[in-house]
Amino acid sequence: MSAAASEAPPRGIWEIPGQPRAVEVLQRAVATGELGHAWAFTGPEGVGQEHAARSLTAALVCPHEPAGCGACHPCQRALAGTHPALQAFAPTGAMHRVEDVRTRWLPAASLSAGEGGWKVLHVRLADRMNLAAANAFLKGLEEPPPRTVWLLDLADPDALPETILSRCRPLRFAALDAATLADLAADLPFDDEGDRALAVRACLGSPARLAELADGGLAALRAHRAVPRRMRAETQAVAIEEAFAIEQRAEARAKAAAKDLADQRDELKELHGGTLPRELTAEFESAENRRKRDARTAVVRAALDDLASWYRDVLLVATGGDPAEAVHADDPEGLAADAAAIPPAALLAGLDAILTTREALAANAQPRLAVEALLMGLAADALGR
Amino acid sequence: MKFRAERGEFADAASWSLRTVGARATLPALSGVHLEVAEDRLTLASTDLEVSSELSIPVQAERDGKALVPGRLLGDVVRSLPPAAVHAEIIDDRLHLECGRAKFDLRTMPTEDYPPLPEPDPEAGAAVMKAPTFSSLVAQVARAASGDDARPVLTGVHLEASPAGLIAAATDSYRLAVRSLSWEEEIEGTVLLPRRALDEARRVADSLGGEVRLVLEDHQVTLFVGDRRLTTRLIEGRFPDFRQLVPTGWDRRLNVERVALAEVVRRVAVVGEANTASTPVTLELTEDAVRVTAGSGEVGEADETLPGVLEGEPLQISFNPRYLSDGLDAVASDEVHLEFRDELKPAVVRPAPVEGEEDLDGDFLYLLMPVRV
């Protein structure tokens, strides 16, 4: 079940913005027939791995010469993510579990190739395998069936045992550069060019975050970066208010994600004659929790990233840097005001605290309490107490 | 698409097609049954991407065409129709059904995501078996396959086909079932089949009778029963070299009444099951009797003796009761031979040959590992 499937606009084969090297390596591997049986797509989440998996599938199942015409029925289904040769595995809960590996991944690999003559098995968020899952998966990697390619998305390769990594060919997916992001932003709806430019800088290389900024507007981002100023002008209660506002946004996003999923489930239920097949019921249940958690985390993380980039910019200005080079270059007065009010040591401590909170969230800290505690701490620093 | 069909045939066909519709969140089209009318026949097809099915029924076609219809809904509707001719027509993206005074209007599904269904190569090697032969072969062998997905190779049934005959085998590494039969056919190949397709084909063979045609290709196997077809993908990987496991002779051989022994094993095993499901039963073989015991001092003990003729030295040997009774159930003959080396080496169950009677079991053997106690 893929969130990416609905988000990505239809794109041509190998049209993967900002990843010319990855595209070249994969195309050459297909052309020379030296595809190997496992690839580690390393790099930040969501910078083209999904479309790379689809393009690779299209290139493998296309009956034409040269393969990967992008126009025939097999190519089109591969690019839409609906070709049977491509199977994607998302974590069932927070992690990929050993049962998933045994009952879904390995049987999929051991079945002979169907239509198209290939199997492309794409493990999303593969760094979220726990150790038992990794060990079970290793057995599958050790005896690869013919015409089977595993693709592992790895934001953090160190999270996997070396025994798995050493069996995969690494392929770097780079964080997207400013020019690529600007190209992407050109097709997205922003209120004005100023917002567009700010979103390109503030998304920190993530096309998903860029799309969110286009979707939801930049008001939240402006609220986040104004927190130190508002705390100075008003009281520390701003910290509690803003933590609450962030939580509200996170809940709203989680609800929207759950609703999308419920709509998809109802549609499938209808197609299956009013009763959802048992395997799908279980899949949707675990997907709902995961999607809600991911949606919440994305909102809170974005807030922390906004604050962190703001603090970095303030530090830049405080140490005599050019505000035009800042992420928040659109608000030089705000940067100057905070730079004057907050001592550099407090800025550094603040940045540190933000990053620590980000990590705590990854380790399942309660988002609202964590953000509230962080903002209270920042308030104390910002007010110079 | 516009046609007239007999309700009974249409309903049977639709409900059979439902057995292989797929449930995938990313590919909702798999929940559909694909209908195609051409040359006065309606072909119904479906796939879950492992097994696909196809059958066709005669219809009076007014207009040829294709459509993908939600499978469960179609099945439910057609089954509920009164016994009369069914008129069906696709208008825009709706399927209209009329039968007597009942009218239904079902939505159809877009076909762009629907995968093309696999077809057997008409040049591929094929062999024909009688339906009851096929059924008994599947029933005898498939029971030894493993239900544990972690080792996919052991979940399948291994088929070795040659112009002289077929050898089917399955093992879960605790027991092994092998059945062979002779034929003269133009076929050659070795495949490992997922159990599901065989079980489905057996179900059809049991209800329709007639013949089963097996078509072997290196990446898929097709089974035709009457006008119904099942095509399955295969399991890849190396099947254990099972011939090497089968002992070439025996030191002791027990001749015993099959049903009697199976009943005793089941009865005695009840005590063992109170401990754990795999508590072994022990067989004490003497010249003219088999004593079966199970259990321990704690929960209770069971003990029963039945007549049996032993060739060779007395022996005491223990088995998992379920594996033993599975082996006895797989045979149809009145008497069985149990062949042993010693208490640690695998035992073999074979039907005892009866002269002058029809051989229902063919060349069958069931090997099982003893339990060390």
Side-chain angles (χ1 to χ4, degrees), chain A residues 1-2 5-6 61 73-74 76-77 80-88 90 98-99 101-117 119 136 139-140 143-148 261 264-265 267-284 287, chain B residues 18 21-33 47-52 68-77 106-118 148-156 191-194 196 217-221 231-238:
Chain A
M1 226 172 318
S2 145
S6 54
V61 301
H73 193 221
Q76 282 181 352
R77 283 179 295 133
T82 57
H83 195 289
L86 175 62
Q87 262 186 278
V98 64
E99 298 91 312
V101 177
R102 290 204 178 128
T103 61
R104 296 168 58 215
W105 305 13
L106 298 183
S110 73
L111 213 53
S112 63
E115 189 203 345
K119 284 167 283 170
K139 291 207 177 70
E143 298 165 18
R147 296 166 81 82
T148 304
L261 201 63
Q264 194 194 353
R265 188 187 54 216
E267 165 82 14
L268 274 166
K269 196 168 154 183
E270 194 200 317
L271 289 176
H272 282 281
T275 322
L276 204 61
R278 202 157 18 105
E279 56 267 48
L280 287 181
T281 312
E283 202 177 326
F284 272 97
Chain B
L18 266 181
V21 298
R24 272 212 193 175
T26 47
L27 202 42
L30 294 184
S31 65
V33 168
T47 180
D48 60 15
L49 299 182
E50 176 180 320
V51 183
S52 64
L68 186 63
V69 185
R72 175 71 54 191
L73 191 59
L74 178 71
D76 288 350
V77 166
L106 312 182
R107 75 151 159 171
T108 62
M109 300 156 76
T111 50
E112 71 226 20
D113 283 345
Y114 202 71
L117 294 172
D148 179 7
D149 285 330
R151 290 182 69 189
V153 166
L154 298 186
T155 63
V191 292
L192 188 54
L193 257 75
R196 251 204 56 227
E217 293 167 82
D218 56 2
H219 64 293
Q220 65 185 23
V221 161
T231 298
T232 179
R233 288 163 71 184
L234 305 174
I235 300 171
E236 288 179 324
R238 191 182 294 269

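No hydrogens, no waters, no symmetry mates; every other heavy atom, side chains included, goes into these values. In what follows, every chain begins at residue 1, and chains take the letters A, B, ... in the order their sequences are listed.
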What distance do A:E115 atom CD and B:L49 atom CG have between them, rounded to the nearest 0.5 Å?
9.0 Å

Can you tell me which portion of A:A109 sits under 4.5 Å from chain B's heavy atoms? Options are side chain, backbone, both or neither.
backbone

Which atom pair, heavy atoms only, marks the closest approach of B:E112 to A:H73?
O-NE2, 2.7 Å

Give the minimum heavy-atom separation between B:A150 and A:L106, together with the two atoms involved.
O-CD1, 4.4 Å

Between B:A25 and A:Q264, which heavy-atom pair has the shortest distance, and what is it?
O-NE2, 3.5 Å

With a 4.5 angstrom heavy-atom cut-off, is it the side chain or the backbone of B:L234 that approaches chain A, or both, or neither?
both

Closest non-hydrogen atom pair, A:L111 against B:P194
CD1-CG, 4.1 Å

Checking B:P115 against chain A: side chain, backbone, both or neither under 4.5 Å from a heavy atom?
both

Heaviest contributor of heavy-atom pairs below 4.5 Å to chain A, chosen from B:S31, B:P70, B:P28, B:A29, is B:S31

If only atom types and distance count, is the side chain of B:R233 paired as donor or acceptor with the main-chain N or O of A:S112 below 3.5 Å?
yes

Stepwise side chain to side chain contact (heavy atoms under 4.5 Å, CB included) check, B:R24 with A:Q87:
CA-CA 11 Å; B:R24 272 212 193 175; A:Q87 262 186 278; 3.3 Å; yes

Of all the heavy-atom pairs spanning B:D149 and A:R102, show the shortest one and how long it is.
CB-O, 3.3 Å

Looking at B:L27, B:L73, B:D113, which makes the most heavy-atom pairs under 4.5 Å with chain A?
B:D113

Go through A:P107, A:P74, A:G81 and name the one with the most non-hydrogen pairs under 4.5 angstrom from chain B.
A:P107

What part of A:P146 lies closer than 4.5 angstrom to a heavy atom of chain B: side chain, backbone, both or neither?
both

Under the side chain to side chain contact (heavy atoms under 4.5 Å, CB included) rule, what do A:E270 and B:R72 come out as? Steps first, then yes or no, please.
CA-CA 9 Å; A:E270 194 200 317; B:R72 175 71 54 191; over 6 Å; no

Least distance between heavy atoms, B:E236 atom then A:A113 atom:
OE2-N, 4.4 Å

Rounded to the nearest 0.5 Å, the CG atom of B:L18 sits from the NE2 atom of A:H272 at a distance of 10.5 Å

Should the pair B:R151-A:E143 be classified as a salt bridge under the 4.0 Å nitrogen-to-oxygen rule?
no

